[in-house]
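Chain A is the first sequence line, chain B the second, and so forth, proteins listed ahead of strands; every chain is numbered from 1.
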Amino acid sequence: MLGNWNPKEIEPRWQKRWVELGAHNFEPRDAKRPVYSIDTPPPFTSGDLHMGHVLSYAYIDIAARYKRLRGFNVFYPQGWDCQGFPTEVKVEAKFGKKLSAAEFRQKCVEWTDEFIAKMRGQMTAMGFSPDWRYEYKTMSPAYHAKVQLSLLKMYENRLVYRAEHPVFWCAHCVSAIAKAETEDVERETELNFIKFISHETKDGFVTIATTRPELLHACVAVFVHPDDARYRKLVGTHVHVPIYDRAVEVLTDPEVDPTFGTGIVMMCTFGDKQDVVWTYRHRLPVVESMDRHGRLLNAGEFTGLKAAEAKAKILERLKSGGILVKQEKLKQTVKTHDRCGKPVELLTSKQWFCKLKGFEEAIKSAGHAMKWVPDFTLQYLVDWANFIEWDWVISRDRIFGTPLPFWSCRKCGEVVTADEKKLPVNPITDPPPCPKCPKCGGELEGEKATCDCWVDSSISPLIVTKWLDDEDFYNRTFPTTLRPQGTEIIRTWAFYTIYRSLMLTGKPPFKEVLINGMVLATDGKKMSKSLGNVIPPDKLIEEYSADAVRQWSALSGAFARDKPFSYKDIQYAKSFILKLWNASKFVEKSLEGFERRKTKGTSLKFRTVDRWMLSRINRLIKENTKNYDDYNYFAVITSLQDFFWHEFCDFYLEEVKHRLYQSEKFGEESKKAAQFTLYVTLLDIVKMLEPILPHTTEEIYDSIYKAHEGDKSLAQSKWPALYEKDIDEKAEKKAVLLNQVLTEIRKFKAENKMALNAEISAVKVRTLEPELLADVKEEIAEAGKAKKIETSQGDFRVEVVS
RNA sequence: GGGCCCGUAGUCGAAUGGUAAGACGUCACCCUGACACGGUGAAAACUCCCGGUUCGAUCCCGGGCGGGCCCACCA
């Protein structure tokens with residue numbers, strides 16, 4: 001018998017029990033059931049799940065559980081994105097900088113394993129049901145081997161190459177970064193107006209405006225707009241760069257904005273992306289302006305100073321020399337590194353690239369072939385593909401990352417690739433596959449850089465489906481059915497995964513993409529530690545139960561839309577679960593002596609209200625099969641909430657109590673029909689709620705239904721069958737009228753301060769179709785406690801006589 | 001500058017080519033044999049504004065105003 005609802009006891013018990021039962025197991029050799037495979041996002045191993053994780057993983061779990069009920073062989077793995085700068089920072093803070101690279105990496109691994117254990121525990125506490133036998137970590141040797149293999153394959157096809165190129169560079173992290181890792185931040189800076197003396201006329205000068213005087217030494221030209229009449233005479237002449245006294249030419253380019261500053265722009269290698277464009281367009285020389293730590297190079301006496309320091313000193317010098325004409329405040333947007341928040345520079349260096357240019361159309365058409373939920377999110381991918389300007393920089397100068405499987409010759413630069421059979425390799429410590437450069441005999445040097453973490457995660461669907469490891473497994477699971485992920489990483493994770501999958505397998509990696517939004521704080525702002533508005537999931541589970549948190553997730557389900565967290569919703573969820581529990585207790589007690597198998601094949605004496613319930617539940621089965629298929633969990637949960645609370649509990653239960661309690665008066669047959677209806681309706685409700693509220697529904701099933709139904713657990717049972725012929729509009733119409741009459745009686749009692757169970761001597765109902773009431777008079781009399789019922793024909797009106 | 005999303009009771013939020021769920025909050029009443037973390041009722045929305053299509057629009061189209069996100073530009 002169901003006792004009190006105690007989630008703290010129920011939830012962990014079922015979490016353990018499901019594993020014992022193998023309720024979530026994928027059966028790779030089961031050829032009978034269709035496979036539903038999920039390319040679950042591997043969260044970055046920060047040590048804590050946040051509400052965004054909870055929402056998105058709840059969505060995934062609901063999908064997995066629903067598909068299992070529908071008879072799919074669900075492949076639901078869970079992985080971890082381990083490698084990244086934040087971990088290095090934390091480990092360095094704890095252990096200092098004295099460790100060797102190998103020791104450092106080892107500490108990172110240990111640290112990450114601890115965090116994974118914690119996060120895995122949180123996922124379990126939420127009732128998430130991945131098949132943990134397929135867990136993966138991006139830092140594992142096996143994962144490294146696959147990433148390296150994928151790069152070797154792409155290298156063979158000339159899709160991976162090494163080149164000198166200006167790249168976004170974070171001087172703080174001392175690493176190249178991809179455009180997708182940058183974030184624009186608005187800040188205020190000063191626009192400095194600086195005199196450049198004319199070379200040809202000696203005494204004439206022009207004034208240019210710049211925000212980056214520290215790059216004067218790298219100035220290789222100045223530009224004006226070709227139509228700018230003010231400067232037409234200057235074009236082709238030369239001006240002297242202050243301090244360094246180098247002459248540079250005055251050139252024209254239509255991309256100069258004549259209205260900005262003085263309409264003359266100095267071009268340095270490289271102040272921003274525009275400079276890169278102009279350098280290529282006008283074939284200008286490149287002055288290496290800065291080193292990897294952001295210190296000036298080739299800057300005379302300022303060489304070695306950090307940019308900010310150099311800027312101050314140079315401005316001082318310009319000012320004292322009378323060369324700085326004026327300064328203006330300027331609002332400016334700077335690119336910053338999204339991981340550390342520091343401004344990024346553009347530096348030329350040797351990096352590894354993946355060839356993206358030229359594949360935009362292929363990526364777009366792969367995107368078009370997928371089902372995007374909601375559909376407009378495809379546009380994010382298309383827009384991004386349309387803006388690809390450079391290839392993808394995949395090397396990062398970090399330690400805790402997947403090593404790039406390459407060596408190169410110190411003398412001639414020839415690249416030597418790792419032996420595919422010996423993966424994973426670490427070129428820093430492992431010997432090269434051949435002792436000397438095969439081309440010139442020079443010494444080989446192992447690549448020190450590691451992979452961008454998107455190189456790791458962009459093969460997640462290949463990893464989980466055992467690409468090149470288990471052909472049968474791969475054929476069954478790849479392409480995966482579902483890729484769930486956030487909006488903010490469409491241009492990275494989704495984009496790179498589609499690209500890599502196309503390059504490596506020729507196929508798109510998944511069929512459906514489910515995009516979730518972000519969970520904001522209750523104030524509508526992003527949750528952040530600095531704002532102090534972070535809501536920890538553990539506390540919510542503690543206070544409201546995991547099922548309530550899951551129900552909140554389903555309620556928050558507007559796809560790809562950010563939503564503030566709502567205590568109101570989770571409180572409602574908790575109340576609903578309690579209501580479900582209490583009503584189940586009532587049903588359980590009402591079913592005493594009822595045996596499901598004895599009703600099979602017999603015809604029951606249903607009353608109209610029973611037919612109404614059976615009709616409504618079948619409508620819900622039909623509706624919610626579609627809603628679940630569409631990932632529209634909001635519609636699922638609201639329709640079930642409303643039906644259960646406001647139809648099943650508020651009306652139906654009240655309308656059958658007399659048949660259950662007074663079978664001597666109303667007949668055993670009537671009682672049995674009511675019992676059957678209660679049994680079926682609650683069972684179907686519980687099944688439809690299982691994906692969202694697995695713990696509570698499992699406990700209800702276990703107590704009331706297991707003995708009758710035979711499935712060991714609700715998680716292993718089947719989605720309710722639809723009996724279309726039970727949909728009965730006539731019965732629904734009669735029940736609606738009955739409920740309207742009961743509402744009027746209740747209103748009367750409330751207005752007259754009567755108890756709801758107080759008797760009334762008569763109720764007179766006028767309605768357009770009084771014959772509809774014939775079948776439900778018993779319910780009016782019993783649920784309304786009306787001694788006498790009179791009906792007549794006319795516009796609806798209910799008169800109560802106390 | 002470009003793209004996308006959004007604008008419904010005090011608040012949050014569904015739905016629909018035929019004037020609109022539900023929740024929270026508010027008010028009144030009721031401890032009715034599952035539930036007071038409950039029950040029954042009440043009050044509360046010219047569905048942002050202006051046009052158009054339509055017999056009829058909150059829902060479709062155009063324009064505006066307001067909010068959000070992404071991208072580009074920013075010497």
Would you please confirm or rule out a distance under 4.0 Å between OP1 or OP2 of B:G41 and any side-chain N or O of A:Thr743? yes
Can you check the A:Ile515 CD1 to B:C70 C1' distance for me, whole Å? 13 Å
Pairwise C1' distance, B:U54 and B:G62 [rounded to whole Å]: 16 Å
Touch check for A:Val256, heavy atoms < 4.0 angstrom, all strands: base, sugar-phosphate only, or nothing? base
Between B:A57 and B:C61, how far apart are the two P atoms, rounded to whole Å? 16 Å
Looking at A:Gln274, I'd like to know whether one of its side-chain N or O atoms comes within less than 4.0 Å of OP1 or OP2 on B:C74. yes
How would you label the contact of A:Ile208 with the nucleic acid (heavy atoms, under 4.0 Å): base, sugar-phosphate, or nothing? nothing
If you go through the side-chain atoms of A:Lys753, does one of them form a donor-acceptor pair with the base of B:C29 closer than 3.5 Å? no
Roughly how many Å apart are B:G38 and B:G51, using the P atom of each and rounding to a whole number? 47 Å
Between B:G13, B:G41, B:C37, which nucleotide gets closest to the side-chain atoms of A:Lys563? B:G13
Describe the nucleic acid contact of A:Asp272 in one word from base, sugar-phosphate, nothing, applying a heavy-atom distance below 4.0 Å. sugar-phosphate
Rounding to an integer number of Å, can you tell me how far A:Asp562 CG sits from B:G68 C1'? 8 Å
Under 3.5 Å side-chain donor-acceptor pair for A:Asp650 and A:His646: yes
Hey, what's the ring geometry for A:Phe576 with A:Phe644, parallel, tilted or perpendicular (30° and 60° as the breaks)? perpendicular
Side chain of A:Lys579 - closest among B:A75, B:G38, B:A23: B:G38
Base, sugar-phosphate or nothing for A:Asn582? Non-hydrogen atoms, less than 4.0 Å. base
Of the listed nucleotides (B:C71, B:A34, B:U40), which one gets closest to any side-chain atom of A:Lys657? B:A34
Which residues in residues 636-655 of chain A have a heavy atom closer than 4.0 Å to any atom of RNA chain B? A:Asp642, A:Trp645, A:His646, A:Cys649, A:Asp650, A:Leu653, A:Glu654
Hydrogens and angles aside, do A:Asp253 and A:His282 bring a side-chain donor and acceptor to less than 3.5 Å of each other? yes
Residues, nucleotides or ligands: over 12 heavy atoms within 6.0 Å of A:Lys787 NZ: no
Considering only the C1' atoms, how many Å lie between B:G22 and B:G18, rounded to the nearest integer? 22 Å
Interatomic distance, A:Leu578 CG vs B:G38 P [rounded to whole Å]: 8 Å
Please check the phosphate of B:C24 (OP1 and OP2 only) for any side-chain N or O of A:Ser566 closer than 4.0 Å. no
Would you say B:C73 has OP1 or OP2 under 4.0 Å from some side-chain N or O of A:Lys273? yes
Once each nucleotide of nucleotides 1-8 of chain B is scored for protein heavy atoms under 4.0 Å, what B/S/- sequence comes out, 5' to 3'? --SSS---
Could you walk me through whether A:Phe594 and A:Tyr679 pass the ring-ring contact (aromatic ring centres under 6.0 Å, His included) check? CA-CA 9 Å; A:Phe594 175 79; A:Tyr679 181 98; 5.5 Å; yes
Is there a side-chain polar atom (N or O) of A:Arg491 under 4.0 Å from OP1 or OP2 of B:C70? no
For A:Tyr628 and A:Tyr633, I'd like to know if the aromatic rings sit close, meaning centre-to-centre distance below 6.0 Å. yes
Is it the case that the side chains of A:His658 and A:Glu779 hold a donor-acceptor pair, with the cut-off being a distance below 3.5 Å and no angle test? no
NZ (A:Lys622) with more than 12 external heavy atoms under 6.0 Å: no
Between A:Phe648 and A:Tyr652, how do the two ring planes meet: parallel, tilted or perpendicular, split at 30° and 60°? parallel
I want to know whether A:Trp392 and A:Phe495 have ring centres closer than 6.0 Å. no
Does A:Asp610 form a side chain to side chain contact (heavy atoms under 4.5 Å, CB included) with A:Gln675? I'd like the steps, not just the answer. CA-CA 10 Å; A:Asp610 303 330; A:Gln675 284 179 317; over 6 Å; no
If one requires at least 3 consecutive Watson-Crick or G-U pairs with distances under 3.5 Å, the stems of RNA chain B turn out to be B:1-7 with B:65-71, B:10-12 with B:22-24, B:26-30 with B:38-42, B:48-52 with B:60-64
Taking the ring centre of each residue, are A:His240 and A:Phe196 less than 6.0 Å apart? no
Taking the ring centre of each residue, are A:Tyr544 and A:Trp552 less than 6.0 Å apart? no
Base, sugar-phosphate, or nothing: which does A:Tyr567 touch, judged by heavy atoms less than 4.0 Å apart? nothing
So which nucleotide from B:C74, B:G33, B:U40 ends up closest to the side chain of A:Tyr661? B:G33
Within 6.0 angstrom of A:Asn386 CG, more than 12 heavy atoms from elsewhere: yes
Sticking with atom P, work out how far B:C73 lies from B:U58, rounded to a whole angstrom. 43 Å
Judged by each residue's nearest nucleotide on RNA chain B, which is more toward the 5′ side, A:Ala583 or A:Lys747? A:Ala583
Closer to the 5' end of RNA chain B via nearest nucleotide, is it A:Thr487 or A:Tyr572? A:Tyr572
